There are 2 protein chains.
Amino acid sequence: MQGRTGRPPRTSREEILAAARALVDRDGWDKLTIRRLAGELGVGATTLYHHLRDKQDLLVQLLDHYAEQIPRPELPPDPRERIIVAAITMHDSLAGWPRIAELLTADDLIGRSALWMVDAMVGGAMDCGCTPEQAVDVYRGIWYYTVGEITVRAHAARRRATDERPVHRDVVYRSLDGAELPALAAVAQDWPRWTTKDTYRQGLRAFVSGMLAELTGAG
Amino acid sequence: MQGRTGRPPRTSREEILAAARALVDRDGWDKLTIRRLAGELGVGATTLYHHLRDKQDLLVQLLDHYAEQIPRPELPPDPRERIIVAAITMHDSLAGWPRIAELLTADDLIGRSALWMVDAMVGGAMDCGCTPEQAVDVYRGIWYYTVGEITVRAHAARRRATDERPVHRDVVYRSLDGAELPALAAVAQDWPRWTTKDTYRQGLRAFVSGMLAELTGAG
DNA sequence: GCTACTTTCGGAACATGTTCGAAAACTCCT
DNA sequence: AGGAGTTTTCGAACATGTTCCGAAAGTAGC
């Protein structure tokens, strides 16, 4: 139990995270910069780099803290429904997080506090007759689908909010060549409306059904 | 047909894109910066902003040019297989592109030259009995799944390449509580190995099967 | 030729994330 | 007390994307 050596720390990781949360609550996500956060704490900017690897690390920590507070829904007894409920909880929690798209590129995003969702999905798949390996495949597919949905959707929302120009895709679709791209020409009119629908749940159910049917033998 | 007015341009969008491609081919993606590209062209850095909205715009243009060169595979007559083949072509093309994860957050990524893939998927779904709206839903689900897979995978590869630390997720999984998270404890050993498998095709088939079964009436 | 007008150019400046290296502040050992 | 070792702090500096604004360089009308 020798006392620790070296210069005593002036701030701690916990303090930094708490200050970051307070700063975000007060001034918004745009104001969360390394320098401003350091100023808030009364330390030099570079000091933070002794407690955090980089800014992404900071954001991941904040998300982790947030994940602890996700209300844990009652999981239904039916294993297939358990997968669905856990996936939807994961999706909705992440979708409510600002700037989530920047973080979802990190694969080790899931801290201990959110592992119960992963466990529910993997366990549900095994209870549906999957081998452990197949269950992991099911979860990974759900994770990919969820990450993609949130990423694309978050960006689209941001685009609508900050950009006044028309969406490039919409312009392209309006001038389609019906002879070369008949299917797109047929849906071009309604494309903008249809692509704003929320189809996450529908797609999720389809994916889970398809995977379970393939893995455990259809019929 | 009055001649154009104003100071004559010293460089053009085309020249910039060509120089960017040459720069990337010669020095790699890390060296593609606004200042360096401008220096290569012999113009001021800020001049580029008269031809490009921002750097992301530049990257999207480069990707678009690349998309034109994607070899167009023969699409099978079976509509369901047509969806699969088009999706796999799209996925493999995007997956081969460096830094793709930064760009996939843009939803209007698809230029005219790549629309035949979207058309094949939407058309295939309609030929499978979907309504146009349902066909768009099928395509969107595929797009989400594809974006997610590529994003997560690209980041994992980058992490492996640049980072010597162990993956956080692996560390967490190694110290799991078997009583609280039984399913994860059961798969923890094999998790790293299983998650490096390429399951894109399997998941894609599952998703398409599930969607078509739900939409067109199972059985 | 002269004056508008228009378009492009580019230097200065700013904010930001991040690295480097040296100084500071503490404990431990002799 | 005094050095050795260790950890933390932080100012300076760098690279980068981006905005601002005035200067440059043309055309059109008179």
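Throughout, a chain's letter reflects where its sequence line sits, starting with A, and its residues are numbered from 1. In what follows, every heavy atom counts, from backbone to side chain, and hydrogens, waters and symmetry copies are set aside. Fair warning: this is a prediction, and the values are worked out from it, not measured in the lab.
Side chain of A/Arg140 to main chain of B/Gly203: no donor-acceptor pair is present (N/O by atom type, distance under 3.5 Å, no hydrogens or angles). Although no hydrogens or angles enter the test, the distance criterion places no donor-acceptor pair under 3.5 Å between the side chain of B/Lys197 and the main chain of A/Asp137. Remark: the backbone N or O of B/Ser12 is paired with a side-chain donor or acceptor of B/Glu15 at under 3.5 angstrom.
Here the nucleotide nearest the side chain of B/Thr33, chosen from D/dT16, C/dT16, C/dC26, is D/dT16. Nearest to the side chain of A/Arg7, among D/dT7, D/dT18, C/dT8, sits D/dT7. Among the nucleotides D/dT18, C/dC5, C/dA25, the one closest to any side-chain atom of B/Thr5 is C/dC5.
Atom CG of A/Asp30 is separated from atom P of C/dT16 by 10 Å (rounded to the nearest Å). Following rounding to the nearest Å, A/Asp54 (CG) and D/dT16 (C1') show an atom-to-atom distance of 17 Å. Nucleotide D/dT16 holds its C1' atom 14 Å from the CG atom of B/Leu59, rounded to whole Å. Going from atom CD of A/Gln56 over to atom C1' of C/dT16 covers 15 Å, rounded to whole Å. If you measure from atom CZ of B/Arg4 to atom C1' of C/dT8, you get 9 Å, rounded to the nearest angstrom. Put simply, CG on A/Leu52 is 12 Å from P on D/dT9, counting in whole angstrom units. Between the C1' atom of D/dT16 and the CG atom of B/Leu58 lies a distance of 14 Å, rounded to the nearest Å.
If you find the closest nucleotide of DNA chain C to B/Thr11 and to A/Leu32, the one lying nearer the 5' end belongs to B/Thr11. Taking for each of A/His51 and B/Ile34 the nucleotide of DNA chain D with the nearest heavy atom, the 5'-most of the two is the partner of A/His51. Residue B/Ser12 is the one, among B/Arg35 and B/Ser12, whose nearest nucleotide of DNA chain C lies closer to the 5' end (criterion: closest heavy atom).
Regarding contacts with the backbone of D/dC10, a side-chain N or O of A/Arg10 is found under 4.0 angstrom from either OP1 or OP2.
Using the six-membered ring where Trp is involved, B/Tyr200 and B/His91 have ring planes that are parallel, under 30° apart on the 30 and 60° scheme.
Between A/Trp97 and A/Leu103, the closest heavy-atom pair is NE1-CD1, 3.9 Å. When all heavy atoms of B/Asp57 and B/Leu52 are compared, the pair lying nearest together is OD2-CA, 3.6 Å.
Within residues 39-50 of chain B, the residues approaching DNA chain D are B/Thr46, B/Tyr49, by heavy-atom distance under 4.0 Å.
Applying the side chain to side chain contact (heavy atoms under 4.5 Å, CB included) criterion to B/Arg82, with sequence neighbours excluded, gives B/Leu75, B/Pro76, B/Pro79, B/Asp127.
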